[in-house]
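In this text the structure is predicted, and so the values were computed from the model without any measurement. Nothing fancy with the numbering, it's 1 onward along the sequence. In what follows, every heavy atom counts, from backbone to side chain, and hydrogens, waters and symmetry copies are set aside.
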Amino acid sequence: MKYISTRGNVEPKGFIDTVLMGLADDGGLMVPSEIPVVSAATLEEWRSLSYQELFLKIFAYYTNDEIPLEDFQEMVNTSYGNFRTPEVTPIHQVNDSLYVLELFHGPTFAFKDVALQFMGELYSYISKKQNKIIHILGATSGDTGAAAIQGVRGKEGIKICILHPHGKVSKVQELQMTTVDDSNVLNLSVHGNFDDCQKVIKDLFADLDFKGRYHLRAINSINFVRILAQTVYYFYAYLHVDGSSEKKINISVPSGNFGNIFSGYLAKQMGLPINKLIIATNENNILERFVNTGEYKPGSFTSTYSPSMDIQVASNFERYLYYLVGEDSEKLSAYMSKLQTEGKITVEGEALQQVQKDFAALGVKNDQCLNTIAKYQKEYSYLLDPHTACGIAAYEAFNGSDEIGITFATAHPAKFDEAITLIDIKQEFPAQIKALFEMPQHQTVVDHDKDEIVRQLQAFYK
């Protein structure tokens, strides 16, 4: 398996080189040169596998045996050995037509742990094998930062800097990042929003001199390994929901940066027979507008009760657009250039019809989000975090009577108590989260100024 850039100007790379490149050197995103297809018979054989076993099976299609199996197996077992349930991503049946895949049983109580615990182990492994320092640089709307920091804190040969929007993440998200005082961790709290943070990161990765001088590596979903690791739980969810049912299975995914939902698209292209992939967003509904109208145009930023989806510029959208235009790098590059110069792109005709075959989408308003939390607590005694509530609302909008819905629970409700308290629900915090409020914080508040951020990084990398 080789990996190529969506923009077509990078020589094909192997698995480890793709991990280390992160954002492609031509500004595009790395994708596999071909998507492997898993047969129906193989899928049936996979039903009995544990999460870790399934992970190994799926990655075997992509790694080119560049990592010895025993080493890879050890990384996977270590990555998921600290989850609070042996299933890693257990499935909760809410009613006859709705299942929830709980992705919040990792160390930071969010779905990002599922991929980032593994990526932390992978980067540590590569650093030791190559005897090179790795500097991880990323931006977060809340959950990626905490999970990434947790995955590499204290690891020799790795330093990590995470940018987050000042005052625009939940208090628990902030504490999970900023109460870490390991010397290899730097938290920059940036005046601005997530899109501002993400643009600085992309600009720095596009500066090939800076990227090379400081051995910059990506842990955001611009890194294909993040996408692939998330694909595993689509297979796991589908294969562990009642296999005897002949009903079609839809999957509803709270979505911001398009990485999680693109993992589902990849799983479907690999042969997983998902019926509908449902994009659940909030009032920052650029993805809903694209699916419904074909126009992709970043709008004004809105703060919501589901802050991890408060994103207007979805990084992984480029990967999907690449496949939408028939893997034509010239067409893709023209679209991205138009987005840069005109602020929007539009797809029409057969292309738009294909988008609407690939996805359904719903932008959930704040009130609907809270009402959904209250409804499921009252009717099923099952407490949703605001992002999962958006996913449930989208499931309700699109699930047919002859269909089963799986909604991803992307975070534990304790991470977003600000929203939960608005509907007079008092929850008991897990002990690990409760302890955060007694710990000192370590962060540097900076303006949205690339030069200032570069100075902070240069001092940190010394």
Any donor-acceptor N or O pair under 3.5 Å, side chains [X], [Y]:
X: Gln198; Y: Asn257; answer: yes
X: Asn223; Y: Arg226; answer: no
X: Ser308; Y: Gln173; answer: yes
X: Thr304; Y: Ser306; answer: yes
X: Asn77; Y: Gln73; answer: no

[X] (side chain) donor-acceptor with [Y] (main chain) under 3.5 angstrom:
X: Lys268; Y: Asn275; value: yes
X: Lys338; Y: Thr346; value: no
X: Ser127; Y: Lys132; value: yes
X: Thr144; Y: Thr140; value: no
X: Asp113; Y: Phe109; value: yes
X: Asn64; Y: Glu66; value: no

Could you give me the CA-CA distance, side-chain angles and deciding distance for Met119 and Ile136, then say whether side chain to side chain contact (heavy atoms under 4.5 Å, CB included) is met?
-> CA-CA 11 Å; Met119 283 193 71; Ile136 297 172; over 6 Å; no
Looking only at the aromatic ring of each residue, does the gap between the centers of [Y] and [X] stay below 6.0 angstrom?
X: Phe83; Y: Tyr51; answer: no
X: Phe408; Y: Tyr395; answer: no
X: Tyr238; Y: Tyr234; answer: no

Closest approach of Ile35 to Pro32 (non-hydrogen atoms, all atoms of both residues) | CG1-CG, 4.3 Å
Heavy atoms of Ala361 and Phe398 approach each other most closely as O-CZ, 3.3 Å
For Asp182, side chain to side chain donor-acceptor pair (under 3.5 Å) partners two or more places apart |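 Listed in chain order: Arg153.
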Would you please classify the geometry between the [Y] ring and the [X] ring as parallel, tilted or perpendicular, with 30° and 60° separating the classes?
X: His215; Y: His135; value: tilted
X: Phe111; Y: Tyr233; value: perpendicular
X: Tyr236; Y: His240; value: parallel
X: Phe262; Y: Phe258; value: tilted
X: Tyr320; Y: Tyr265; value: perpendicular

Check whether NZ of the Lys or CZ of the Arg Lys159 lies under 6.0 Å from the centre of the six-membered ring of Phe460 and within 45 degrees of that ring's axis.
-> yes
Atom OH of Tyr80 and atom OG1 of Thr78: how far apart are they, to the nearest 0.5 Å?
->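 The OH atom of Tyr80 sits 11.5 Å away from the OG1 atom of Thr78.
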Out of Lys415, Gln432, Gln150, which residue meets the side-chain hydrogen bond (donor to acceptor under 3.5 Å, both in side chains) rule with Gln176?
-> Lys415
